Participant: 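Got a structure for you, questions after.
Computed from a prediction, not measured in an experiment: that's the story for all the values here.
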Amino acid sequence: MQTVHDFLKKAETYYIATIDGDQPRVRPFGTINLFEGKLYIQTGKKKDVVKQINVNPKVELSAFHGETWIRVAATLVEDNRTEAQESMLAAYPQLRGMYSVNDGNNVVYYLKDAAATFCSFSGETREVKF
């Protein structure tokens, strides 16, 4: 899990894919945080991505850095605890201009049953599950 976290941090931007009915939707994200042994992401509850996650919490994340890319398949689980939200905002203080703990809009999810695949043109593919 630490390797996945570190890769996504280095990449800075990753893309998350959700399902909207029968249409895939992909958008950029930039938050990734380790908290209490779980990997977390953050977004706003008012966004369409949250509506899509509520219907189907299975997602894929993808990012590219250097000559390597990653795909992470996981199920997102909402964590509405103050501590989880505060941890994310402490890791990304720039979010405090848009979100605050328990503001009714800030939402954090952790990745459950995750399988990360690291790929490159020059090396072997490897998988990490957490």
Participant: Any Lys/Arg nitrogen of Lys129 or Glu127 sitting under 4.0 Å from an Asp/Glu carboxylate oxygen of the other?
Facilitator: yes
Participant: Quick check for you: to the nearest 0.5 Å, what is the distance between Phe130 atom CZ and Met1 atom CE?
Facilitator: 6.0 Å
Participant: Ring centroid separation for Trp69 and Phe7, is it under 6.0 angstrom?
Facilitator: no
Participant: Please determine which of Arg81, Glu86, Met88 meets the side-chain contact (heavy atoms from CB on, under 4.5 Å) test together with Phe35.
Facilitator: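 Only one option passes, and that is Arg81.
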Participant: With no hydrogens and no angle check, just 3.5 Å: does a side-chain donor-acceptor pair link Asp48 and Gln52?
Facilitator: no
Participant: Take Thr82 and Asn102 through the test side chain to side chain donor-acceptor pair (under 3.5 Å) and record every step on the way to the result.
Facilitator: CA-CA 7 Å; Thr82 299; Asn102 297 323; 2.8 Å; yes
Participant: Establish, yes or no, whether a centroid distance under 6.0 Å links the rings of Phe29 and Tyr15.
Facilitator: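 Not under 6.0 Å, so no.
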Participant: Kindly compute the distance separating CG (Asn33) from CG (Leu8), expressed to the nearest 0.5 Å.
Facilitator: 12.0 Å
Participant: For the side-chain contact (heavy atoms from CB on, under 4.5 Å) test, which of Val4, Ile70, Val72 pairs with Leu61?
Facilitator: Val72
Participant: Report yes or no: do Val26 and Ile19 belong to one cluster of Ile/Leu/Val/Met/Phe/Trp/Tyr joined by side chain heavy-atom distances under 4.5 Å?
Facilitator: no
Participant: Do Asn106 and Ser100 have a side chain donor and acceptor closer than 3.5 Å?
Facilitator: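 The criterion, which ignores hydrogens and geometry beyond distance, is not satisfied for Ser100 and Asn106.
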Participant: How far does CG of Asp113 sit from NZ of Lys58, to the nearest 0.5 angstrom?
Facilitator: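 It is 9.0 Å, given to the nearest 0.5 Å.
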Participant: Over all heavy atoms of both residues, which pair between Asp79 and Tyr40 is shortest? Give the atoms and the distance, please.
Facilitator: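 Reported closest heavy-atom pair: OD2-OH, 2.6 Å.
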Participant: Mind checking the CG-CZ spacing from Asp103 to Arg96? Nearest 0.5 Å is all I need.
Facilitator: 11.0 Å
Participant: Could you grab the distance from atom OH of Tyr110 to atom CG of Leu34, nearest 0.5 Å is fine?
Facilitator: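 One finds 14.5 Å between OH of Tyr110 and CG of Leu34.
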Participant: How long is the span from the OH atom in Tyr99 to the CD atom in Gln94, to the nearest 0.5 Å?
Facilitator: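 If we round to the nearest 0.5 Å, Tyr99:OH and Gln94:CD are 11.5 Å apart.
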